[in-house]
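Just so it is clear, the model here is predicted, and its values are computed rather than measured. Counting starts at 1 for both ligands and their atoms, following the listed order.
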Amino acid sequence: MLGIGKTGWIEKERPVCGPLDAIVRPIAVSPCTSDIHTVWEGALGERSNMILGHESVGIVDEVGSLVKDFKKGDRVVTPAITPDWGSLEAQGGYAMHSGGMLSGWKFSNFKDGVFAEYCHVNEADANMAHLPPEIKPETALMLCDMMPTGLHGTELADIQFGDSVCVIGIGPVGLMSVAGAVLRGASRVFAVGSRPVCVDAAKKYGATDIINYKHGDIVAQIAELTGGKGVDRVIIAGGGAETVGQAVKMVKPGGRIGNVNYFGESGDAGIPIPDWGNGMAHKLIAGGLMPGGRLRTEKLISLITAGRIDPSLLVTHVFRGFDKIPEALELMRQKPADLIKPAVLME
Ligand code: NDP
Ligand code: ZN
């Protein structure tokens, strides 16, 4: 990212490895919708000459003197969020905000990202996970952000057995919310999207009903499908700020809304007061950055190896070669009808 709205190539020094850190050589990377918000909507504010990208699988090239569990040559997954685990925020249970709001998100936000020949991982023992040989790099990329974020949406919405759930947005993140909702025991799962490739995947991950937001108000569509009752839980994983108000309208009293959408625009989310029971409807809204960390990543790896979730369905486009990153990023920006998520194999 050269500046807001501008991307290109830049030369930088190889990052320096601190005693707790690692330098990793990415072997596969994936652009994220968040990169698009950051560059073309300027959602984080000005960032100049910053290497983009926060989803990578790589080979460890160097470890610091205090790193215990990783060595040069190991194949690793590094989550998008790499907190400072000794911070007060981490001790308070919100490591993703270590050092300040959203500050656990370092790659392509507060430091150079992973679309590079080498990247720096802080607190390597806590922020990387060993990648089992049976998981292909392009599939493993989905462990960096898509799986943890989509599943975090289901945690924020606190899905219980038998809950009816609406997932607004079924790009790669929302699709993982659909899969996660099913794993957590949801009954009906309404998936909101329009691209056929995403709709097909949503059905495969267990959506029972598809709602096309281009075919009319989604609140009215949910009302019609539920006999006017609405749903127990809503996960927001796509759309603009208006989705917050829509979620408040469609969720039942006592319901929960989990938001993992990264709203690129500034301004207000606009909660409709009457639909919020004039503030007394017990409709909870929780929005969160995905938690990072090795333990969580290892658990997500075990969801794949145990056959509970197969994120390989998300990867619709695979590019080969470092120089293909701009093409993959542009694809993510354009979101053609056949795209869910692209991966770039670096060699
Ligand atoms: P995509 O753009 O691939 O998917 C967005 C989805 O929202 C699509 O299904 C799209 O439908 C749907 N949509 C678009 N407009 C509307 C609308 N008006 N009403 C309802 N649905 C709509 O995004 P990703 O899955 O890659 O990412 C989702 C969000 O999550 C992004 O904002 C991303 O930045 C954010 N994110 C947040 C993270 C976190 O930690 N909280 C981490 C990673 C990502 P269609 O089929 O028409 O395209
Ligand atoms: Zn991402």
**Q** Do any N/O atoms on Q246 end up under 3.5 angstrom from N/O atoms on ligand 1?
**A**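 The answer is no, given that Q246 and ligand 1 share no N or O pair closer than 3.5 Å.
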**Q** P172: heavy atom below 4.0 Å from ligand 1, yes or no?
**A**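 Judged by the 4.0 Å heavy-atom criterion, P172 does count as contacting ligand 1.
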**Q** Does G240 reach ligand 1, in the sense of a heavy atom lying below 4.0 Å from it?
**A**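 Judged by the 4.0 Å heavy-atom criterion, G240 does not count as contacting ligand 1.
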**Q** Does the separation of the ring centres of H130 and F70 fall below 6.0 angstrom?
**A**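 H130 vs F70: aromatic centres under 6.0 Å.
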**Q** What are the protein N/O/S atoms, named by residue and atom, that sit under 2.8 Å from the Zn ion (ligand 2)?
**A**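 Result, waters dropped: C32 SG, H54 NE2, E55 OE2, D145 OD2.
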**Q** Using a plain distance cutoff, I'd like to know if G171 has any nitrogen or oxygen under 3.5 Å from a nitrogen or oxygen of ligand 1.
**A**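 Yes, G171 has an N/O under 3.5 Å of an N/O on ligand 1.
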**Q** Would you please determine whether G264 falls within less than 4.0 Å of ligand 1 on a heavy-atom basis?
**A**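 False for this residue.
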**Q** For ligand 1, find out whether one of its N or O atoms is nearer than 3.5 Å to an N or O atom of K335.
**A**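 Between K335 and ligand 1 (N or O atoms, distance only) the closest approach is under 3.5 Å.
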**Q** Which ligand 1 atoms does G169 reach within 4.0 Å, using its non-hydrogen atoms?
**A**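 This gives 6 (C), 7 (O), 9 (O), 12 (C) as the contact atoms.
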**Q** Among T226, D209, D163, which one satisfies side chain to side chain donor-acceptor pair (under 3.5 Å) with R188?
**A**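 When side chain to side chain donor-acceptor pair (under 3.5 Å) is applied between R188 and each of T226, D209, D163, only D209 qualifies.
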**Q** Measure from NZ or CZ of K111 to the centre of the six-membered ring of F107, then state whether that distance is under 6.0 Å and the direction lies within 45° of the axis.
**A**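 The answer is yes, since K111 meets both limits relative to F107.
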**Q** Please confirm whether R25 makes a cation-pi placement over Y118, using NZ or CZ under 6.0 Å from the six-membered ring centre and within 45° of the ring normal.
**A**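 Not flagged: R25 not positioned over aromatic ring of Y118.
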**Q** For T149, take its heavy atoms, then give the atoms of ligand 1 lying under 4.0 Å from any of them.
**A**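 It comes down to these atoms of ligand 1: 37 (C), 38 (C), 39 (C), 40 (O), 41 (N), 42 (C), 43 (C).
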**Q** Taking only non-hydrogen atoms of E242, do any sit less than 4.0 angstrom from ligand 1?
**A**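 Flag set, E242 near ligand 1.
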**Q** Atoms of ligand 1 less than 4.0 Å from D145 heavy atoms?
**A**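 Per the distance check, 42 (C), 43 (C).
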**Q** Answer side chain, backbone, both or neither: which part of H37 comes under 4.0 Å from ligand 1, heavy atoms only.
**A**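 Side chain only.
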**Q** Give the contacting part of Y213 toward ligand 1: side chain, backbone, both or neither, where contact means a heavy-atom distance below 4.0 Å.
**A**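 It is the side chain that touches ligand 1; the backbone stays farther off.
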**Q** Looking only at N/O atoms, are C198 and ligand 1 under 3.5 Å apart anywhere?
**A**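 There is no such contact.
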**Q** Only heavy atoms of G288, strictly under 4.0 Å: list the atoms of ligand 1 that pass.
**A**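 Result: 41 (N).
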**Q** Is it the case that the side chains of E330 and Q334 hold a donor-acceptor pair, with the cut-off being a distance below 3.5 Å and no angle test?
**A**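 Short answer, yes.
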**Q** So F322 and W9, would you call those rings parallel, tilted or perpendicular, with 30° and 60° as cut-offs?
**A**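 Geometry flag for W9 against F322: tilted rings.
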**Q** Using a 4.0 Å cut-off to any heavy atom of M290, which atoms of ligand 1 qualify?
**A**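 Answer for ligand 1: 39 (C), 40 (O).
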**Q** Need the ligand 1 atom indices (1-based, order shown) with element for anything under 4.0 Å from a heavy-atom of V192.
**A**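 So the answer, numbered in order with elements, is 20 (C).
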**Q** Quick test: of every protein heavy atom, which one is nearest to atom 30 (O) of ligand 1, and how far off is it to 0.1 Å?
**A**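 Answer, as residue, atom name and distance: V260 O, 3.5 Å.
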**Q** What do we get for L289 next to ligand 1 when only non-hydrogen atoms under 4.0 Å count, side chain, backbone, both or neither?
**A**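 Both backbone and side chain.
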**Q** Considering only heavy atoms, does I218 approach ligand 1 within less than 4.0 Å through its side chain, its backbone, both, or neither?
**A**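 Neither part.
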